[in-house]
Peer 1: 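This is the structure I have questions about; it appears just below.
Heavy atoms only: backbone and side chains are in, while hydrogens, waters and symmetry mates are out.
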Amino acid sequence: MTAALLAPSDPEAPPRRPSRSRVGLRDALGQSLAIARRNLTQFKSDPSQLLDATVMPMVFTLVFVYVFGGAIGKGQADYRQYLIPGIMVQTVSFAAQVTGIALNLDFSKGVMDRFRSMPIARSAVLSGRILADVCRLTLGQAVILAFAFVIGFRVRTDVPSVLAAVGLLVLYGVALSTIAAYVGLAIRSPQAVQSVGFLWMIPLQFGSSMFAPPSTMPGWLQAFVEVNPTTLVVDACRGLLDGGPVAGNVSGSLFWIGGLLLVFVPLAVRQYGRRTL
């Protein structure tokens, strides 16, 4: 036994990788919160990282309401009521892109090499990033709602409905963040991550009921709009904020959110594992 342990290893045998100790659920949760805190500290030191979730939605709102509102809707007031829920969904869409870009930058700067040397769960890095971005998503919704009230938007339902709309938006943002995380981990260049992110996001935004009623679109595009998860989320938020049927749109939105998480969470975790081998 002792001789076998002291015997020299076979020079032709493949090198052994250092084994990772299994991390418990409680430890993984604590590690996720610690990484989320680290990411939130970055926002504090560099507030410009919050512009996409705060200032950009306000700019888009002003452009669409006061430049296109008279042409697209029955007037600026009616179009404002139609547009704001769409802008809220656009806010989470833009903010979700940061997840993939930030993960890619951490790899390019060597931050992931440091994480790799620590006995932490693979999922903690991803979940910590997404937890921090959930805070950005929530802040963005609060800012755009406050701005919408200033320019004349009015909620015609009740407080629980508003909270339900914000909760649905945050969930959809988390689902989009998992897609962005996978893209950010699968592509090496930060510039390419940003370009590809806009490419897969544009059809979800403009091929939906976000800015214009689907009835004004050609038939082939309407077929895509009807199955687009963004359309379901936008229409659900319109019903929750402005009144109208919500059950079908909410259930369809939750179905899509669950499906996206089921597919892209494992893909992102596996891709992270491949890059940290």
Peer 1: Take I84 and Y79, measure what side chain to side chain contact (heavy atoms under 4.5 Å, CB included) needs, and give me the verdict at the end.
Peer 2: CA-CA 9 Å; I84 293 302; Y79 187 61; over 6 Å; no
Peer 1: Would you say that V92 contacts Q141 through its side chain, given a criterion of any heavy-atom pair below 4.5 Å between the two side chains?
Peer 2: yes
Peer 1: When you compare the side chain of F198 with that of F94, does any pair of heavy atoms fall below 4.5 Å?
Peer 2: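 Touching, per the 4.5 Å side-chain cut-off.
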Peer 1: Using the side-chain hydrogen bond (donor to acceptor under 3.5 Å, both in side chains) criterion, which residues pair with D235? Sequence neighbours excluded.
Peer 2: S209, R238
Peer 1: Do F60 and T91 have side chains that approach each other closer than 4.5 Å (heavy atoms only, starting at C-beta)?
Peer 2: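 Contact flag for F60/T91 side chains = no.
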Peer 1: Considering all heavy atoms of both residues, which atom of C135 and which atom of L40 are nearest to each other, and what is their separation?
Peer 2: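 Heavy atoms of C135 and L40 come nearest at CB-CD2, 3.9 Å.
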Peer 1: Is there a path from F255 to L260 through hydrophobic residues (I, L, V, M, F, W, Y) whose side chains come within less than 4.5 Å of each other?
Peer 2: no
Peer 1: Quick one: are T138 and V134 in side-chain contact, heavy atoms under 4.5 Å?
Peer 2: yes
Peer 1: Taking atom types as modelled, is there a side-chain donor on T231 or S208 under 3.5 Å from an acceptor on the other?
Peer 2: no
Peer 1: Search all heavy atoms of L185 against all heavy atoms of F107 and return the closest pair with its distance.
Peer 2: CD2-CE1, 3.2 Å
Peer 1: Can you measure from CE (M58) to CG (L51) and round to the nearest 0.5 angstrom?
Peer 2: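 Going from the CE atom of M58 to the CG atom of L51 covers 9.0 Å.
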Peer 1: Side chains of V166 and L145: closer than 4.5 Å at any heavy-atom pair?
Peer 2: yes
Peer 1: For a quick test of reading the model, state the closest non-hydrogen atom pair linking P85 to L241 and the distance between them.
Peer 2: CG-CD1, 4.3 Å
Peer 1: According to a 4.5 Å side-chain heavy-atom criterion applied to Ile, Leu, Val, Met, Phe, Trp and Tyr, with indirect links allowed, do L176 and I87 form part of one hydrophobic cluster?
Peer 2: yes
Peer 1: Which pair of heavy atoms, one from P245 and one from N249, lies closest together, and at what distance?
Peer 2: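 What the structure gives for the nearest pair is O-ND2, 4.0 Å.
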Peer 1: Heavy atoms, side chains only, cut-off 4.5 Å: are L204 and S93 in contact?
Peer 2: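 No; the side chains remain at least 4.5 Å from each other.
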Peer 1: Is there a path from V155 to L163 through hydrophobic residues (I, L, V, M, F, W, Y) whose side chains come within less than 4.5 Å of each other?
Peer 2: no
Peer 1: Without swapping roles, check the side chain of D133 against the backbone of V174 for a donor-acceptor pair under 3.5 Å.
Peer 2: no
Peer 1: About how many Å separate CD of Q205 and CE of M210, when rounded to the nearest 0.5 Å?
Peer 2: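 Answer for the CE-CD pair, M210 versus Q205, is 4.5 Å.
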Peer 1: What is the minimum heavy-atom distance between M201 and Q97, and which atoms define it?
Peer 2: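 Taking every non-hydrogen atom into account, CE-NE2, 2.7 Å.
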Peer 1: With a 4.5 Å cut-off on side-chain heavy-atom distances among I, L, V, M, F, W and Y, is there a chain of contacts connecting V227 to L232?
Peer 2: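 No.
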Peer 1: With a cut-off of 6.0 Å (strictly less than), are more than 12 heavy atoms of other residues, nucleotides or ligands near CZ of F149?
Peer 2: yes
Peer 1: After noting the C-alpha distance and the side-chain angles of T178 and T99, does the key distance pass the side chain to side chain contact (heavy atoms under 4.5 Å, CB included) rule?
Peer 2: CA-CA 8 Å; T178 60; T99 301; over 6 Å; no
Peer 1: Among residues at least two apart in sequence or on other chains, which ones pass side-chain hydrogen bond (donor to acceptor under 3.5 Å, both in side chains) with Y172?
Peer 2: T230
Peer 1: Where does the angle between the aromatic ring planes of F64 and F68 fall among parallel (under 30°), tilted (30 to 60°) and perpendicular (over 60°)?
Peer 2: tilted
Peer 1: What's the spacing between S195 OG and I187 CD1 if we round to 0.5 Å?
Peer 2: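 Nearest 0.5 Å value for the OG-CD1 distance: 9.0 Å.
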Peer 1: Just by distance, do the side chain of T216 and the backbone of A212 share a donor-acceptor pair under 3.5 Å?
Peer 2: no
Peer 1: Passes ring pair (Phe, Tyr, Trp, His ring centres under 6.0 Å), Y272 versus Y182? Steps please.
Peer 2: CA-CA 8 Å; Y272 174 77; Y182 173 71; over 10 Å; no
Peer 1: What distance do I130 atom CD1 and N39 atom CG have between them, rounded to the nearest 0.5 Å?
Peer 2: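 I130 CD1 to N39 CG: 11.0 Å, rounded to 0.5 Å.
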Peer 1: Quick check for you: to the nearest 0.5 Å, what is the distance between Q90 atom CD and F211 atom CZ?
Peer 2: 4.0 Å
Peer 1: Working to the nearest 0.5 Å, report the span between OG of S189 and CG of N104.
Peer 2: 7.0 Å
Peer 1: Would you say F224 has more than 12 foreign heavy atoms packed within less than 6.0 Å of its CZ?
Peer 2: yes
Peer 1: Can you pull the side chain to side chain donor-acceptor pair (under 3.5 Å) pairs that have at least one residue in residues 148-171, sequence neighbours excluded?
Peer 2: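 Qualifying pairs, neighbours excluded: R156-D242, D158-S161.
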Peer 1: Where do V225 and P214 come nearest, in terms of heavy atoms and distance?
Peer 2: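 Smallest interatomic distance, heavy atoms only, reads CG1-CG, 3.7 Å.
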Peer 1: For R136 and A95, indicate whether the former's side chain and the latter's backbone hold a donor-acceptor pair under 3.5 Å.
Peer 2: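 Yes; at least one donor-acceptor contact below 3.5 Å.
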Peer 1: Using a 4.5 Å cut-off on heavy atoms from C-beta on, say whether the side chain of L103 contacts that of L126.
Peer 2: yes
Peer 1: R80 versus T61: any side-chain heavy-atom pair under 4.5 Å?
Peer 2: no
Peer 1: Using a 3.5 Å distance criterion without hydrogens, assess whether the side chain of Q31 forms a donor-acceptor pair with backbone atoms of A124.
Peer 2: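 Not a single qualifying donor-acceptor pair exists.
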Peer 1: What about V98 and I179, same hydrophobic cluster or not, with Ile/Leu/Val/Met/Phe/Trp/Tyr joined at side-chain heavy-atom distances under 4.5 Å?
Peer 2: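 No, V98 does not connect to I179 through the hydrophobic network.
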